[in-house]
**Student:** 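Dropping the structure in here first, questions after.
Index from 1, following the sequence. What you see is a predicted model; the values in this text were computed from it and never measured. Hydrogens, waters and symmetry mates play no part in the numbers below; they use all other heavy atoms, side chains included.
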Amino acid sequence: EGTDLSSNHFFDPDTHLLIRTVVVVENQGVEFESVTDYKDYKEIEGGVKISFVQEIDYGGQMSMETTIKSVEVNVPVDPAIFVLE
């Protein structure tokens with residue numbers, strides 16, 4: 001289980017949108033830096049802008065890219081999905 005030691009957040013000076021997060025993490029006694037870049041911001045319903053692409057680099061050991069295809073706002077949710085069995 002990792003522990004966050006520090007984090008820095010970087011914002012675009014023109015748009016004020018989050019563009020990068022750098023987190024120093026300790027995991028099993030090893031300290032490394034995780035960098036997340038936020039890209040492809042799109043405005044969704046309600047005027048909120050969301051990063052549809054996040055690129056994550058785990059200290060040069062592993063990387064991944066997450067792409068959001070769609071966002072729905074205020075969609076009804078069935079309360080049954082929260083019931084533990």
**Student:** To the nearest 0.5 Å, how far apart are CD in Glu65 and CD in Gln54?
**Tutor:** 9.0 Å
**Student:** Does atom CD of Gln61 have more than 12 heavy-atom neighbours from other groups under 6.0 Å away?
**Tutor:** no
**Student:** Let me confirm one number: the CD-CD1 distance from Glu43 to Ile50, rounded to the nearest 0.5 Å.
**Tutor:** 10.5 Å
**Student:** So Thr67 and Phe52, do their side chains get closer than 4.5 Å, heavy atoms only?
**Tutor:** no
**Student:** Output the distance between atom CD (Glu26) and atom CZ (Phe32), rounded to the nearest 0.5 Å.
**Tutor:** 10.0 Å
**Student:** Might you work through the side chain to side chain contact (heavy atoms under 4.5 Å, CB included) test for Phe10 and Asp37, ending with a clear yes or no?
**Tutor:** CA-CA 9 Å; Phe10 300 87; Asp37 289 319; over 6 Å; no
**Student:** Are Ile68 and Val48 connected in the hydrophobic side-chain network, where two residues link if heavy atoms are under 4.5 Å apart?
**Tutor:** yes
**Student:** Establish whether Ile56 and Val25 are linked, either directly or via other cluster members, by ILVMFWY side-chain heavy-atom contacts under 4.5 Å.
**Tutor:** yes
**Student:** Does atom CG of Asp78 have more than 12 heavy-atom neighbours from other groups under 6.0 Å away?
**Tutor:** yes
**Student:** Atom OG1 of Thr36 and atom CE of Met64: how far apart are they, to the nearest 0.5 Å?
**Tutor:** 8.0 Å
**Student:** Go through the steps for Leu18 and Phe11 under the test side chain to side chain contact (heavy atoms under 4.5 Å, CB included), then give the verdict.
**Tutor:** CA-CA 4 Å; Leu18 179 65; Phe11 296 85; 3.9 Å; yes
**Student:** Is a side-chain N or O of Ser51 found less than 3.5 angstrom from the main chain of Tyr41, in a donor-acceptor match?
**Tutor:** no
**Student:** Is a side-chain donor or acceptor of Asp57 paired with a backbone partner of Gly60 at a separation under 3.5 angstrom?
**Tutor:** yes
**Student:** Treat each ILVMFWY residue as a node, draw an edge where side-chain heavy atoms are under 4.5 Å apart, and state whether Val23 and Val30 are in one component.
**Tutor:** no
**Student:** When you look at CG of Leu84, are more than 12 heavy atoms from neighbouring residues, nucleotides or ligands closer to it than 6.0 Å?
**Tutor:** no
**Student:** Show the nearest heavy-atom pair for residues Asp14 and Asp12, with the distance to one decimal.
**Tutor:** N-OD1, 2.7 Å
